Every structure is written in structure tokens, then in C-alpha cells.
Amino acid sequence: MRRTLLSCALLLAAGHAVASTAWVSNEKDNSLSLIDMQTLQVTDTLKVGQRPRGLLLSHDKKLLYICASDSDRVQVMDVATRKIIKELPSGKDPEQFALHPNDRWLYVSNEDDALVTVIDTETSKVLGQINVGVEPEGMAVSPDGKWAVNTSETTNMLHWIDTSTQTLVDSTLVDQRPRFVEFNHDGSQLWASAEIGGTVTILDVASRAILKTLTFKIKGVHPDKVQPVGIKLSSDGKYAFVALGPANHVAVIDAKTFEILDYLLVGRRVWQMAFTPDEKQLLATNGVSGDVSVIDVDSLKVLKSVKVGRYPWGVVVTP
């Protein structure tokens, strides 16, 4: 009986893995690499716009949004057919973006113009453009849809946009060159990375006060190499993962106590990350080594590196 149950469990796990696909943007190849999450092999390469970076999925996982930065467009791909079905007027040099919970409003950072562009994805119309700091990059929308937050690399600020009015209402000073922001799953906290500052700042959303600033020290790695960028928070509130750029490690943090638990060695110049749908695995893109590290979340071990295109940047996983 025990052997039968184990076999059933393995079959169920394999069946789930067959259905999962990772989509990776290759910044230098103008392409997406698709990874089968059962075999951990690249199964397809799709040509897209120039210099694809940020990726995100519609809430029903049927559409993939692609920041084609040098094409000055957000491309929309049908996940089922793997075809581009339309392009959105993103403004100049889109890099990162975030989708409102209404599944319609897309907030796009325009690095060259110091703007956030808001697009209605159903009508393909621009709803507005909001002036923010110099070199905007990171973008996140709160789970309740009340706030859109943008980072400005040169101004070293987080910009709080009231989505009901599409206006900037506050700014928070953080460390040098903030690159990425992410809300936790109940929307009570905002985590922001500062690449040159070498820190992650955790803020209370209700008060917009800073709760904690994390610094990172890795044995044998020069402090200048520790450059936090992408952040992923597990939905159970247990872990935070931070990609540390040219330090070639992902930091593992207790999301409740803010204690740094471990550093996981990955590929060169780790950038962005994404969970599989069951959050059993975490994928990390490594720009310089041109691969994706697959991390087992339960054991906190790197399972494998999967070679993709040149300078992988963004990653999402579909069921």
C-alpha cells in the first residue's frame, strides 16, 4: 500500500510538472525561451520585440505581457497559441510594469522620460502619464489595488501613486538606485531593493514608514558585488528571496523576523525570479552566464541550471 501511494504521488507530481512552463526573456537575443518544468529543458524559442525585459501574466494566465524596451512597446502574447496578438502604447523604453487587480490597468515605468504610463489593456488606450523621479524602473501594485509604487533609480525614491485618481501623492527616500519593489500577499508590507546601496528596505504600507533595512554579507564576496535587484515573497509569508546581482547569490530571508537565513549560489549576475504555481520551486535568471537556476524551496537547494539565450532577464511560469 505504501509503495502504491508513493507511486501515485510521483505520478501526480509529474502530471503537474508537465503542465508547467517557464517563460524567460532573453534581452540580447530578442526572444523568449520556454522551459518544460518536468524535464527542465528548453522546448521552444520565440522571437519577440527588441530587448525584451519585464514579463507578467494576466490574472487568468491566458495572456503574457512583454516589455519590448527598444521597440518602445508592450507586446501581448496569447499563451495558448504563443502568438503576439497586439501591441500596447507603452511610452518610451518600458522596462518593468505591474497589472492592477482589475486585470485592465497596466502601470509601466518609462526610464528615459521620468514617467509612469497607465494603459487600459482592453481598449489599448493610454489613461494617463504620471511624472515621477529620474530613471523610473521598479513597479508594483498593491493587492487591494489602492497603490501603484514606482522606483526611481537616480532620485533614490519610491513614488506612491493613488490608483483612484492616477496621481502621485507621496515619495519615500530609500538607498541608492532602487530597482525593484514587491508587496507581500496581504498588502501590509512593501519590499524595495537598492542596487548600489546594497540594501532591501521593508516598509509598512499603512503608514509608509520604514520597518527594517536589510544589508547582506557573503563570505568571500566583495561588498561592492552585493547589488540587490529582484525580490520574491512566498504567499505563506515564510520566505523572502532576494537576487543579489553580481554577487551570484540569492539571499533567503525569514519574512516574519527579517533574519537572513542563507545565501544560495546561482549563476552569474542573477537578476529576476519567479515561483512555479505551487511555489515548490523558484527560478532565477542569470544574465551573464545565460542560464536559469532552479531552486527547491523546501530544501533551499539549487537543483539545476538551464541554459537559455543571451542575457536572460524576466521570468514567469504558467500552469
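Since the model is a prediction, treat every value here as computed from it, not as a measurement.
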A side-chain contact here means heavy atoms from C-beta on lying under 4.5 Å apart; do Val24 and Val306 qualify? no

So do the side chains of Trp160 and Val205 get within less than 4.5 Å of each other, counting heavy atoms only? yes

Does a side-chain heavy-atom distance below 4.5 Å link Lys61 with Val79? no

In Å, rounded to the nearest 0.5 Å, how long is the span from CD1 of Ile210 to CD1 of Ile202? 10.5 Å

Which atoms form the tightest heavy-atom contact between Ser289 and Arg268, and what is the distance? OG-N, 2.9 Å

Could you grab the distance from atom CZ of Arg208 to atom CG of Asp170, nearest 0.5 Å is fine? 4.0 Å

Calculate, to the nearest 0.5 Å, the distance between atoms OG and CG belonging to Ser20 and Asp278 respectively. 6.5 Å

Residues in ring-ring contact (aromatic ring centres under 6.0 Å, His included) with Trp191, at least two apart? Phe258

State which residues pass salt bridge (Lys or Arg N to Asp or Glu O under 4.0 Å) with Glu153; sequence neighbours excluded, sorted by chain then number. Arg177, Arg179

If hydrophobic clusters are built from ILVMFWY residues whose side chains come within less than 4.5 Å, do Trp105 and Phe97 share one? no

Look at the side chain of Tyr311 and the backbone N and O of Arg51, then say whether any donor-acceptor pair between them is shorter than 3.5 Å. no

Members besides Leu115 in its Ile/Leu/Val/Met/Phe/Trp/Tyr cluster (side-chain heavy atoms under 4.5 Å): none

Is a donor from one side chain sitting under 3.5 angstrom from an acceptor on the other, for Asp175 and Thr201? no

Return the CG to CD1 distance between Leu32 and Ile35, rounded to the nearest 0.5 Å. 11.0 Å

Any side-chain heavy-atom pair of Ser90 and Thr117 under 4.5 Å: no

Pair Lys301-Asp296, salt bridge (Lys or Arg N to Asp or Glu O under 4.0 Å): steps then yes or no: CA-CA 5 Å; Lys301 301 295 183 184; Asp296 179 80; over 6 Å; no

In short, Arg53 meets Asp93 closest at the heavy-atom pair NH2-OD1, 2.9 Å

How close do Ala192 and Val181 get, heavy atom to heavy atom, and via which atoms? CB-CG1, 3.6 Å

Strictly distance-based, threshold 3.5 Å: is any side-chain N or O of Ser142 a donor or acceptor partner for the main-chain N or O of Gly187? no

Start with the C-alpha distance between His100 and Val141, add both sets of side-chain angles, then the distance that settles side-chain contact (heavy atoms from CB on, under 4.5 Å), and finish with yes or no. CA-CA 6 Å; His100 192 277; Val141 177; 4.1 Å; yes

Using a 4.5 Å cut-off on heavy atoms from C-beta on, say whether the side chain of Asn30 contacts that of Pro52. yes

Is there a donor-acceptor pair closer than 3.5 Å between any side-chain N or O of Ser109 and the backbone N or O of Gln96? yes

Do you reckon Val118 sits in the same ILVMFWY cluster as Leu88, going by side-chain contacts under 4.5 Å, direct or chained? no

From Trp23 CH2 over to Ser33 OG, what is the distance, rounded to the nearest 0.5 angstrom? 11.5 Å

Going only through I, L, V, M, F, W and Y residues with side-chain contacts under 4.5 Å, is there a path from Val302 to Leu282? yes

If you count every heavy atom of other residues, nucleotides or ligands that lies below 6.0 Å from Lys86 atom NZ, does the total exceed 12? yes

Working for side chain to side chain donor-acceptor pair (under 3.5 Å), residues Glu135 and Thr154: CA-CA 6 Å; Glu135 288 190 280; Thr154 301; 2.4 Å; yes

Check whether any side-chain heavy atom of Glu95 lies under 4.5 Å from a side-chain heavy atom of Trp313, and answer yes or no. yes

Group every Ile, Leu, Val, Met, Phe, Trp and Tyr by side-chain heavy-atom contacts under 4.5 Å, then state whether Leu55 and Met273 land in the same group. no

Is a side-chain N or O of Asp120 found less than 3.5 angstrom from the main chain of Lys125, in a donor-acceptor match? no

Rounded to the nearest 0.5 angstrom, the CG-CE distance for Leu63 and Met77 is 11.0 Å

Please answer: with hydrophobic residues joined when any side-chain heavy atoms are less than 4.5 Å apart, are Trp147 and Leu168 in the same cluster? no

Nearest heavy-atom pair of Pro228 and Val242: which atoms, and what distance? CB-CG1, 3.9 Å

Would you tell me whether Asp112 and Asn110 have side-chain atoms, one donor and one acceptor, within less than 3.5 Å of each other? no

Check Val108 against Pro94 and note the closest heavy-atom contact, atom names and distance. CG1-CB, 3.5 Å

Pair Ser31, Asn26: side-chain N/O donor-acceptor within cut-off below 3.5 Å: yes

Using a cut-off of 6.0 Å, state whether more than 12 heavy atoms not belonging to Lys47 lie near its atom NZ. yes

Around atom NZ of Lys238, are there more than 12 heavy atoms of other residues, nucleotides or ligands at under 6.0 Å? no

Is the shortest heavy-atom distance from the side chain of Leu233 to the side chain of Gln189 under 4.5 Å? no

Which heavy atom of Ile231 sits nearest to which heavy atom of Glu182, and what is that distance? O-OE1, 3.1 Å

Heavy-atom side-chain proximity of Ile253 to Phe216 below 4.5 angstrom: yes

Within a 6.0 Å radius of atom NZ on Lys304, are there more than 12 heavy atoms belonging to other residues, nucleotides or ligands? yes

